[in-house]
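What follows is a set of notes on a single structure, which appears directly below.
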Number of protein chains: 2
Amino acid sequence: MAETTHRNVIDLVAPPHACRHCGLLQLCDHGQVTTPAIEQLSAIVRHRVPLARGAALFHEGEPFRSIYVVFSGAMKTFTCSYDGDEQIVAFYLAGELVGVDGVHTGSHGSSAVALDRASVCEIPFEKLETLAQDIPGLLHQMLCMMSKEILQDEETMLLLGKKTADERLASLLLSLARRFREQGYSAQEFHLPMSRDDIANYLGLAHETVSRLFSRFQRQGLLTVRGKHVCVNNLAQLEILAGVPGAGAKTGRAGQII
Amino acid sequence: MAETTHRNVIDLVAPPHACRHCGLLQLCDHGQVTTPAIEQLSAIVRHRVPLARGAALFHEGEPFRSIYVVFSGAMKTFTCSYDGDEQIVAFYLAGELVGVDGVHTGSHGSSAVALDRASVCEIPFEKLETLAQDIPGLLHQMLCMMSKEILQDEETMLLLGKKTADERLASLLLSLARRFREQGYSAQEFHLPMSRDDIANYLGLAHETVSRLFSRFQRQGLLTVRGKHVCVNNLAQLEILAGVPGAGAKTGRAGQII
DNA sequence: CGCTGCTTTGAACAACTTCAACTTCTGTGG
DNA sequence: CCACAGAAGTTGAAGTTGTTCAAAGCAGCG
């Protein structure tokens, strides 16, 4: 895989940072797909489309043509109820896949907006499907990614259906921390890409509640919060709050930092 | 199973009732797949596996090998939080696809249980993937079904995140009514396959609240409820409650009751 | 026929929201 | 570089919605 042909293949074969964790490219990690396949894939991708903060990648109801991988920055997707209010469905960080909910109806089921300056790679879906016909690993990878999305949604439903406000915020923070770490950033100290309002919306709470929770978590020594900058001071306790299995057991050992 | 190959094909080519609406078979409606492909598909399916009320089809964490289509009856799937309580993720009626959330991790992300006497068709996933490699329409159909699941999940998140108790129950009833109609049953009068507890769990409410809502909806003339038997008396009003677009318009100017 | 589990109803309570006021950031133009 | 305006965030107090606890009514089933 190291022997590369030139052109835009370079982006993918020697990934600068985000590509390394790109959902679609994980196939090469698994050795299921050979270099020519990656070249084919790369040839149909529109790389690093830049997005300003607040810019929409697509709107709910628009015809579905492509899926996207976040290359840098962060995005949110949301659905609108008929009386106008939004429900944020998910946040996406670099390497994560956005926009797969349009396959069934042929139009996007949600809107996607950049949370800050961001860039995405656009993958025309029809071409991807054609390609998947020839590359066995790719088909599996596509199903995998959609399955992952479903899994994530199920987790969110558990959060919205059963968890208290404390548990919801703790769960979100841990999820973000884990995903930052997956990208090679610190899981202990990070910058929230979204506003309090967005967090509240996603968690099904009022933004005042979220604000109060941050203050309380800080008072309790769980976090140090300074605007959007968050530092996790007591991971073990945060995990207990979020309901992570076995989180209580570890605290005896002076709070192992996973 | 091996000796029944001929009959299997017949089941699918001349579907008795549920098969007509089977998520996987919708490809033939669209003319994308020819009869031989359906025969291939049918050959790998284990047809009409019977399930007693309360029987589990699979448990969360079990290795993922197959997906299932409900042939008759109804199912629920749920995830468990670490402190033990369940969140019902979805209800499935005849023709609907269960169990696609296991592709990514290789183990089921939720448990599936029959709500009453039910039967399902089991489709080994690996074989299906292989088949999809040869049948273009099938690949698309698989992606479609998963995308549909994601869409449904997004709707549920909106429900759990933003809707009031009234809106939640109204939404569920309308969803069930629509799906019963899709199967050729009455959308106005039907039998709820699940308990009040299950409804409450799914809607993120206490079961007492659901009970009170049913009573109030009946008092308000929206429904006639007798245990699990439900008759919708004022569909328009129920749609307004659930927030269906344009539902107010249909009732005429008089309909601005909310 | 008398369980046992499901459902309904009432009353007190808790969690979260709403409303309102205030503070802190951020970006823009002088 | 500072001043200012608007947005975002914080905090308090009152208000709602839905929960919890408790008890009674029903239905299906051995």
Side-chain angles (χ1 to χ4, degrees), chain A residues 52-54 74 76 83 85-88 113 115-117 159-173 191-220 222-230 241 243, chain B residues 52-54 74 76 83 85-88 113 115-117 159-173 191-220 222-230 241 258:
Chain A
R53 175 198 171 95
K76 65 176 173 182
D83 50 1
D85 56 16
E86 300 175 1
Q87 169 68 38
I88 294 180
V113 163
L115 289 169
D116 47 20
R117 182 180 295 275
L159 181 145
L160 292 172
K162 294 283 170 292
K163 295 192 179 183
T164 64
D166 300 38
E167 293 167 341
R168 292 183 200 194
L169 184 58
S171 299
L172 175 61
L173 290 172
H191 185 85
L192 295 170
M194 69 293 280
S195 69
R196 297 285 190 272
D197 235 327
D198 282 340
I199 293 176
N201 184 310
Y202 173 70
L203 297 179
L205 300 169
H207 71 268
E208 293 95 329
T209 304
V210 171
S211 196
R212 273 183 260 270
L213 286 172
F214 270 118
S215 302
R216 183 152 58 75
F217 281 6
Q218 178 152 251
R219 237 180 293 131
Q220 295 172 335
L222 301 181
L223 306 173
T224 307
V225 188
R226 178 101 190 129
K228 295 188 172 175
H229 187 89
V230 172
L241 247 181
Chain B
R53 174 198 172 95
K76 65 175 172 181
D83 49 3
D85 56 18
E86 300 175 1
Q87 169 68 39
I88 295 180
V113 163
L115 289 169
D116 47 20
R117 180 180 297 273
L159 181 146
L160 291 173
K162 295 281 171 292
K163 296 192 178 182
T164 64
D166 300 38
E167 294 168 340
R168 294 183 199 193
L169 184 58
S171 299
L172 174 62
L173 289 172
H191 185 85
L192 294 171
M194 70 293 282
S195 69
R196 297 286 190 269
D197 234 327
D198 283 339
I199 293 175
N201 184 312
Y202 174 70
L203 296 179
L205 300 168
H207 70 267
E208 293 95 328
T209 305
V210 170
S211 196
R212 272 183 258 270
L213 285 173
F214 271 118
S215 302
R216 183 152 57 76
F217 281 5
Q218 177 152 252
R219 238 179 292 130
Q220 293 172 337
L222 301 180
L223 306 173
T224 306
V225 189
R226 178 98 191 131
K228 296 190 171 174
H229 187 89
V230 171
L241 245 182
I258 259 212

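Convention: sequence-line order gives letters A, B, ...; per-chain numbering from 1.
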Which letter, B, S or -, goes with each nucleotide of nucleotides 24-30 of chain D from 5' to 3', with contact meaning a protein heavy atom under 4.0 Å?
---S---
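Nearest heavy-atom pair across B:Lys162 and A:Glu86 is CE-O, 2.8 Å. In terms of heavy-atom proximity, A:Ala74 sits nearest to A:Pro193 at CB-CB, 3.7 Å. Contact between B:Arg168 and B:Leu159 at its shortest, heavy atoms only, is NE-O, 3.5 Å.
The CG-P distance, from B:Leu213 to D:dT17, rounds to 12 Å in whole Å. Counting to the nearest Å, the P atom of C:dT8 and the CZ atom of B:Phe214 are 8 Å from each other. To the nearest angstrom, P of C:dT18 lies 10 Å from CG of A:Asp85. Separating the NZ atom of B:Lys163 from the P atom of D:dT17 is a distance of 18 Å, rounded to the nearest angstrom. Whole-Å rounding puts the B:Lys162 NZ to D:dT17 P distance at 17 Å. B:Leu223 has its CG atom 12 Å from the P atom of C:dT8, to the nearest Å. For B:Asp166 and D:dT16, the CG to P distance is 16 Å, given to the nearest whole Å. Computed from coordinates, the A:Arg212 CZ to D:dA13 P distance equals 11 Å when rounded to whole Å.
Taking the side chain as every heavy atom from C-beta outward, A:Arg53 and A:Arg117 never approach each other to under 4.5 Å. Side chains of B:Asn201 and B:Lys76 form no contact here, defined as non-hydrogen atoms less than 4.5 Å apart. For the pair A:Ile88/A:Leu203, no side-chain contact is recorded, criterion being any heavy-atom separation below 4.5 Å from C-beta on.
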Using nucleotides 7-9 of chain D, report all nitrogen or oxygen pairs with the protein that are shorter than 3.5 Å.
{"residue": "D:dG9", "atom": "OP1", "partner": "A:Arg196", "partner atom": "N", "Å": "3.4"}
{"residue": "D:dG9", "atom": "OP2", "partner": "A:Arg196", "partner atom": "N", "Å": "3.1"}

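Between the base of C:dC16 and the side chain of A:Glu208 there is no donor-acceptor pair shorter than 3.5 Å. With hydrogens and angles ignored, no donor-acceptor pair closer than 3.5 Å exists between the side chain of A:Arg216 and the base of D:dT10. Side chain B:Arg168 to base D:dG18: no donor-acceptor pair is found below 3.5 Å.
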Donor-acceptor list for residues 209-220 of chain A side chains, cut-off 3.5 Å, not counting sequence neighbours:
{"residue": "A:Ser215", "atom": "OG", "partner": "A:Ser211", "partner atom": "O", "Å": "3.1"}
{"residue": "A:Arg216", "atom": "NH1", "partner": "A:Asp166", "partner atom": "OD2", "Å": "3.1"}
{"residue": "A:Arg216", "atom": "NH2", "partner": "A:Asp166", "partner atom": "OD1", "Å": "3.1"}
{"residue": "A:Arg216", "atom": "NH2", "partner": "A:Asp166", "partner atom": "OD2", "Å": "2.9"}
{"residue": "A:Gln218", "atom": "OE1", "partner": "A:Val225", "partner atom": "N", "Å": "2.7"}

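A donor-acceptor contact shorter than 3.5 Å is absent between the side chain of B:Arg196 and the backbone of B:Lys228.
For B:Ala206, counting side-chain heavy atoms from C-beta on, the closest listed nucleotide (D:dT20, C:dC16, D:dG18) is D:dT20.
Considering only side-chain N and O atoms, A:Ser215 lies nowhere under 4.0 angstrom from the phosphate OP1 or OP2 of D:dT10.
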